[in-house]
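In what follows, a structure is listed as structure tokens, so that the remarks can point back to it.
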Amino acid sequence: MQRLWDLRQGLSDGCIKGDRMFDVIVVGAGPGGSMAAKTCAEMGLNVLMVEKRQEIGVPVRCAEGISKDALERFIEPRKSFISREVIGAKIFAPDGTEIVLSEERAGNEVGYVLERKIFDRYLAKLASDAGAEVLVKTTACSFERRNDLVRVKLLRMGEEWEVETKIVIGADGVESRVAKFFGIDTTLKLNEIESCVQYLMTNIDFDPDYCYFWLGRSIAPGGYVWLFPKKIGANVGIGVMPSLANKTSKEYLDDFVERNFPDGRIVELVAGAVPVKGEIETAVADNVMIVGDAARHADPITGGGIANAMKAGYYAGIVAFEAVKKKDYSSRFLRRYDKLWKNDFGKNLARRRKLQQKLIAMDDKTLNKLFHSIPRNIGELSVRAIVFEIFKKNPKLLWDIKDLIL
């Protein structure tokens with residue numbers, strides 16, 4: 001599994017030395033890409049998945065959390081890629097006021113904490129086992145439409161060659177080259193992206209049965225600080241909206257760590273960007289579908305994207321099969337994919353984007369007031385129930401988003 005590219009040695013010789021024709025080429029081997037490749041291959045399509053990095057799952061740019069339901073919808077959990085199981089989430093106001101949510105009430109990022117390096121490789125192996133051909137250290141450099149097909153130029157270890165495909169599935173992340181080339185509008189404004197930094201830390205004190213979230217403009221303007229427990233230590237990270245910040249996300253995180261975990265040891269650092277745009281108009285063009293961060297499928301409030309990426313990859317695989325069967329690769333036909341992901345989680349992305357905009361406009365004093373208005377004896381401590389209780393106590397403050405609550 002660690003050297004996935006060794007599983008299919010025949011691919012390297014065949015692909016590099018001559019033209020090949022595929023039903024589907026998947027660009028990017030994250031959860032969305034691997035789920036798309038797996039789904040297509042299981043339905044009998046001829047699939048190539050390419051990953052520009054030399055190792056799938058590296059670097060990890062993710063807090064690594066996912067709900068049990070979201071994971072188990074598609075694959076059986078394995079001890080090898082589950083670092084921790086948690087029973088809930090603890091959320092803190094700027095003044096330290098705490099609320100606790102059970103795992104099933106906490107959302108798509110709480111339940112399992114994964115080892116993404118192992119998890120991503122496992123998903124890619126499932127795609128390979130289903131019949132997809134997988135290449136790492138391979139970049140999709142350019143695309144050209146020819147006679148209802150797409151010609152893709154690939155670069156691997158200094159050698160270029162071309163292949164043809166009926167459909168391209170772009171799972172190539174927040175800076176998606178596929179989306180840009182095919183004119184799918186995924187433009188991000190400064191208030192639609194989070195700058196993120198995460199440390200893997202040891203020698204810190206926390207309850208490993210919970211994930212932690214700290215809110216507040218002074219702590220993380222436009223975002224939050226998180227702690228996700230691992231087998232050894234924890235992921236401690238931050239998301240900050242650049243348009244609201246007066247210093248870098250790393251500086252905010254360093255300040256937080258110094259205050260809360262002064263004796264902690266940093267053993268790993270990762271950084272990246274997360275799109276929090278919400279629902280985009282379309283994730284398709286002629287011959288093309290995009291999934292995951294490329295399609296801005298991350299949750300605008302939490303920034304989490306594993307669950308939605310896997311769903312999107314599955315739906316893209318289903319529609320790719322239908323398109324190949326019908327020999328129709330037009331954007332009009334591929335909009336079936338838009339309908340599937342929008343009906344599943346797209347509408348929720350739009351709602352959560354509106355709620356996010358409301359939350360980031362609040363100062364710390366207002367956030368503290370909202371937390372204090374939550375009754376201690378609330379029966380159903382879910383995100384929806386909490387927001388509803390806040391609305392009852394502060395209707396004027398939240399009146400303009402009442403349709404998201406009631």
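Residue numbers start at 1 and run along the sequence shown. Both backbone and side-chain heavy atoms feed into the values below; hydrogens, waters and symmetry mates do not.
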Ring-face cation contact, Phe333 with Arg336, 6.0 Å cut, 45° max: yes
What I want to find out is whether Asp129 reaches Lys125 closely enough, with some N-O distance under 4.0 Å, to be called a salt bridge. yes
Residue pairs fulfilling ring pair (Phe, Tyr, Trp, His ring centres under 6.0 Å) with at least one residue in residues 255-307, sequence neighbours excluded: Trp214-Phe256, His297-Trp341, His297-Phe345
Applying salt bridge (charged side-chain N to carboxylate O under 4.0 Å, His left out) to Lys365 and not counting sequence neighbours gives none
If the condition is salt bridge (charged side-chain N to carboxylate O under 4.0 Å, His left out), which residues does Glu164 pass it with, not counting sequence neighbours? Arg151
When you measure from the side chain of [X] to the backbone N and O of [Y], does any donor-acceptor pair fall under 3.5 Å?
X      : Y      : result
Asn46  : Asp23  : no
Asp286 : Ser331 : yes
Asn287 : Asp148 : yes
Asp364 : Ser218 : yes

Salt bridge (charged side-chain N to carboxylate O under 4.0 Å, His left out) pairs touching residues 167-183, sequence neighbours excluded, are none
Which pairs, with at least one residue in residues 227-240 and sequence neighbours excluded, count as a salt bridge (charged side-chain N to carboxylate O under 4.0 Å, His left out)? Glu64-Lys230, Glu115-Lys230
Could you list the residues that satisfy side-chain hydrogen bond (donor to acceptor under 3.5 Å, both in side chains) with [X], not counting sequence neighbours?
X      : value
Asp120 : Arg116
Lys342 : Glu279
Gln357 : none
Lys247 : Asp255

Interatomic distance, CZ@Phe228 vs CH2@Trp226, rounded to 0.5 Å, equals 8.0 Å
Spacing of CD belonging to Glu258 relative to CG belonging to Leu253, to within rounding of 0.5 Å: 11.5 Å
Counterpart residues, side-chain contact (heavy atoms from CB on, under 4.5 Å), relative to [X] (two or more places apart):
X      : answer
Glu192 : Leu188, Lys189, Lys277, Arg353
Asp207 : Lys90, Asp209, Tyr210, Tyr212
Asn343 : Lys339, Lys347

Quick one, Lys166 and Leu149 - any side-chain contact, counting heavy atoms below 4.5 Å? yes
Any side-chain donor near an acceptor of the partner, Asp69 and Ser67, under 3.5 Å: no
